[in-house]
Amino acid sequence: MKPAPFTRHVPKTLDEAVKMLAEVAPEDGRVLAGGQSLVPIMAFRLAKPAHLVDINNVEGLDRISSENGALVVRALVRHAAFHKLVVDNLLGHLLTKVAHSIAHYPIRTRGTFCGSLAHADPSSEWCLVAATLDAMIVARSVRGERAIPAREFFQGMMSTALAEDELLSEVRIPLLTPDARFGFQEFSRRTGDFAMAASLVTWRSEGGKMRDVRVGVGGAEPSPRRMAEAEAALEGQAPGDAPFRAAAEAAATAVDAMEDHQTTAEYRRDLVRAMVRRALEQSAK
Ligand SMILES: Cc1cc2nc3c(=O)[nH]c(=O)nc-3n(C[C@H](O)[C@H](O)[C@H](O)COP(=O)(O)OP(=O)(O)OC[C@H]3O[C@@H](n4cnc5c(N)ncnc54)[C@H](O)[C@@H]3O)c2cc1C
């Protein structure tokens, strides 16, 4: 199928983009970033926006920088940018590891980090990263700028705190400390498919004990989130099989697993248990 007719607007600056979005948002005007989710949806006529604000020519939006202890990822940074180390910090290695699990190579050369967050697919790896690491998501509109914590940003299946006239201009992800560890695991039926469940864990090693533990789970509920019950089972413990199994069990118990055409809630709950345990094991290697 072909998309319904639309008008494409091509701003050159962020201010111009935000102004255009304010004008067309009431007619279901949308931002076009990498187009890897929006274009297929339009081709199937599941969305029929009358206007697209194409941000691909906006200067400076493809920049990544490190500022005030955070990695700043702007709106046009493609998934493929993370194939190599973007920052000399463990976070850079974490992002490289995660990036290779997203879709297929051609999609990674077009799709954007911020577009993934705005789209808010439950299985999105970048959404899991933002939720687990408590990233700040910056929204720009003609009314100004606001920073939204990830835990408030994701509001359910493909639903976010962005207003229709707000452009997600950048994401700020806290850098990891030198004593940090991470593990990332996901399960999908075929390479490149959306994950049926995924887990990202980070913790700091202090005197042989795990501190500041974060256990994120994605692909299992409508939005990715940290699992407080699993984190509590690990905080202050020495890394090892028993606490890892206890945390995995706590996550599996706490998760309100989705059921869909691919699988039952019970199977997805089992996957959560396995992904959390494997991510923890990987983090301890
Ligand atoms: C075959 C296939 C497999 C895929 N597998 C995966 C996968 O395994 N994991 C995964 O995470 N993704 C996967 N994707 C999706 C891909 O990662 C997309 O690139 C991503 O979801 C959206 O990014 P985009 O830049 O392409 O956004 P677009 O498609 O341009 O936009 C998506 C939505 O977000 C909005 N939007 C985009 N940018 C902004 C912004 N800056 N401000 C406000 N709104 C914005 C758009 O208006 C639109 O509603 C897959 C896609 C395909 C086609």
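Atoms within a ligand are numbered from 1 in the order they appear, just like the ligands themselves.
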Audit row: E266, T264, side-chain hydrogen bond (donor to acceptor under 3.5 Å, both in side chains) steps and yes/no: CA-CA 5 Å; E266 215 34 58; T264 61; over 6 Å; no
Where the closest heavy atom to atom 33 (C) of ligand 1 is concerned, which of R74, H119, R108 has it? H119
From the candidates R30, R140, M42, E170, the one that places a heavy atom nearest atom 49 (O) of ligand 1: R30
If you measure every N or O of [X] against every N or O of ligand 1, does any of those distances drop under 3.5 Å?
X    : result
V39  : no
H79  : yes
V31  : yes
Q36  : yes
T112 : yes
G35  : yes
L168 : yes
L167 : no

Tell me, do R225 and T132 make a side-chain contact under 4.5 Å, heavy atoms counted? no
Qualifying side chain to side chain donor-acceptor pair (under 3.5 Å) pairs with a residue from residues 84-102, counting only residues at least two apart or across chains: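 Checked against side chain to side chain donor-acceptor pair (under 3.5 Å) - neighbours excluded - no pair reaches residues 84-102.
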Residue portion contacting ligand 1 (non-hydrogen atoms closer than 4.0 Å) for D121: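 The answer is neither.
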Is it the side chain (CB and beyond), the backbone, both or neither of E125 that lies under 4.0 Å from ligand 1, heavy atoms counted? both
I'd like to check the salt bridge (Lys or Arg N to Asp or Glu O under 4.0 Å) partners of R140; sequence neighbours left out, ordered by chain and number.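 Partners of R140 under the salt bridge (Lys or Arg N to Asp or Glu O under 4.0 Å) test: D15, E145.
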At what distance is the nearest protein heavy atom to atom 8 (O) of ligand 1, and which residue and atom is it? A103 N, 3.2 Å
Mark up the atoms of ligand 1 that fall under 4.0 Å of a heavy atom belonging to A33, in ascending order. 25 (O), 30 (O), 37 (C), 38 (N)
Classify the ring geometry of F187 against Y267: parallel below 30°, tilted from 30° to 60°, perpendicular beyond 60°. perpendicular
